[in-house]
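Remarks on the structure that follows.
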Amino acid sequence: MTRVFNFSPGPATLPEAVLRKAAEEMMDWRGSGMSVMEMSHRGKEFISIHAQAEADLRELMGIPANYKVLFMQGGAIGENAIVPMNLIGRTGSADYVITGDWSKKSIKEAKTYGKANVAASGEAGKFTSIPPRSEWKLDPNASYVHICSNETIGGVEYHWTPDTGGVPLVADMSSNILSRPIDVSKYGLIYAGAQKNMGPSGVTVVIVRDDLIGHALPITPSAFDYKQQADNDSMYNTPPTYAIYIAGLVYQHVKSLGGLAAMEAHNKAKAAVLYNYLDNSSFYSNPVAPADRSLMNVPFKLKDDALDEAFLKGAQAKGMVQLKGHRSVGGMRASIYNAMSIEGVKALVAYMQEFEKQHG
Ligand SMILES: *Cc1c(COP(=O)(O)O)cnc(C)c1O
């Protein structure tokens, strides 16, 4: 068996130990005689898997008791509608900070459900930096302030938590959740699709403060009403059971590695290898302001985009895949989530050096 270094932005590489454990337990989960896929979500086996996953996520992120953890479906794009459906009815408006493609999508969707204001935007600078907090125009009457904590396409990440006063902060953390410790109490709501940093696609984690539950617009489908889900332990409808199981194995794995502080050290070390090389090369470039660079998604361009195809082909031949940049920005993108090893990043940089020597 050969495994590639998979730089996919998502669904993304998973820890080998997790995949091995899932393979081991595939036919018979811990003496139950069933695969997790075959279990009733109401049975004691799955209820224990679900409870353990929630407990481990609470422990890893230090989630306070006055927050619910929901395992939902619909992905982060689904949450772009589900969040305003549940939250915007409190005052009728919300503030959005626009830092790239994903936050642009979020505000566009929100406009269907209420008044969504642009509080700040990095568009004038082509989304290469996060607008400083001092420039945000926040409405104290907004139901919430929405940010995307890591723009997966542009490679721009918040390395600070905005203070939004009494207005709840909502964050799309799809591509940097579990990458470092955060203070959950500074957020009203956090949502994240699992398929970047914590599992397979199919499950969306929503961490929501109790007082924000119970304000859904009357049009909200019951399966997407946080109150219905919270009152039913995320089992109002059948949850994505297998995806929750794998996410649970990822949580156990991250715990065994030392938790989120260890992830942060690992992620900083990996990103430094790549950014240091990019900054010392005149052949490759990354446009993002150093203070706002993502530790998870590193977009870069070659000096001449006519070389892109040769670069990708050569990478593939060396077992490095999914490096093509998003179609909206072109160039390359290396996604280096928790499960990417430092060896993978070093192999990429060695290849980039070799390619630069040949074509620079
Ligand atoms: C991947 C991603 C999404 C989209 O997730 P879906 O599962 O396709 O809904 C949204 N926001 C961010 C920040 C992402 O990285």
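Whatever order the structure lists them in is the order used to number ligands and atoms, beginning at 1.
Using a 4.0 Å cut-off to heavy atoms of I77, the atoms of ligand 1 that qualify are 4 (C), 8 (O), 9 (O). Near T152, meaning under 4.0 Å from one of its heavy atoms, ligand 1 places the atoms 12 (C), 13 (C), 14 (C), 15 (O). Annotation for ligand 1: atoms under 4.0 Å from non-hydrogen atoms of C148 are 13 (C). Set against the non-hydrogen atoms of S174, the atoms of ligand 1 under 4.0 Å away are 11 (N), 12 (C), 13 (C), 14 (C), 15 (O).
Here the CG-OG distance, from N176 to S149, works out to 3.5 Å after rounding to the nearest 0.5 Å. Going from atom OG of S174 over to atom CD of Q195 covers 7.0 Å, rounded to the nearest 0.5 Å.
When hydrogens are left out, the protein atom nearest atom 4 (C) of ligand 1 is W102 CH2, 3.5 Å; that is the closest non-hydrogen contact. Taking atom 5 (O) of ligand 1 as the reference point, the nearest protein heavy-atom neighbour is A76 CB, 3.7 Å.
Annotation: G74 places no N or O atom under 3.5 Å from an N or O atom of ligand 1; distance criterion only. Close N/O approach between G75 and ligand 1 is not found [any backbone or side-chain N/O within under 3.5 Å].
The shortest separation from a heavy atom of G193 to ligand 1 is not under 4.0 Å, leaving the residue out of contact. Using a 4.0 Å heavy-atom cutoff, M173 is absent from the residues neighbouring ligand 1. The closest approach between any non-hydrogen atom of N150 and ligand 1 is below 4.0 Å.
At a heavy-atom distance under 4.0 Å, only side-chain atoms of D172, from C-beta outward, approach ligand 1.
Ring-centre distance between Y245 and F46: not below the 6.0 Å cut-off. Between H146 and Y96, the ring center distance clears the sub-6.0 Å criterion.
We find that E309 and K313 are not joined by a salt bridge, their nearest charged nitrogen and carboxylate oxygen being 4.0 Å or further apart. Using a 4.0 Å cut-off between a side-chain N of Lys or Arg and a carboxylate O of Asp or Glu, D211 and R209 qualify as a salt bridge. Using a cutoff of 4.0 Å between basic side-chain nitrogens and carboxylate oxygens, E123 and K104 are scored as salt-bridged. The residues E24 and R20 are annotated as not salt-bridged, no charged nitrogen and carboxylate oxygen being separated by less than 4.0 angstrom.
Among K196, M296, Q195, the residue whose heavy atom lies closest to atom 1 (C) of ligand 1 is K196.
Shown are D210, D233, D231; of these, the side chain to side chain donor-acceptor pair (under 3.5 Å) with K68 is made only by D210.
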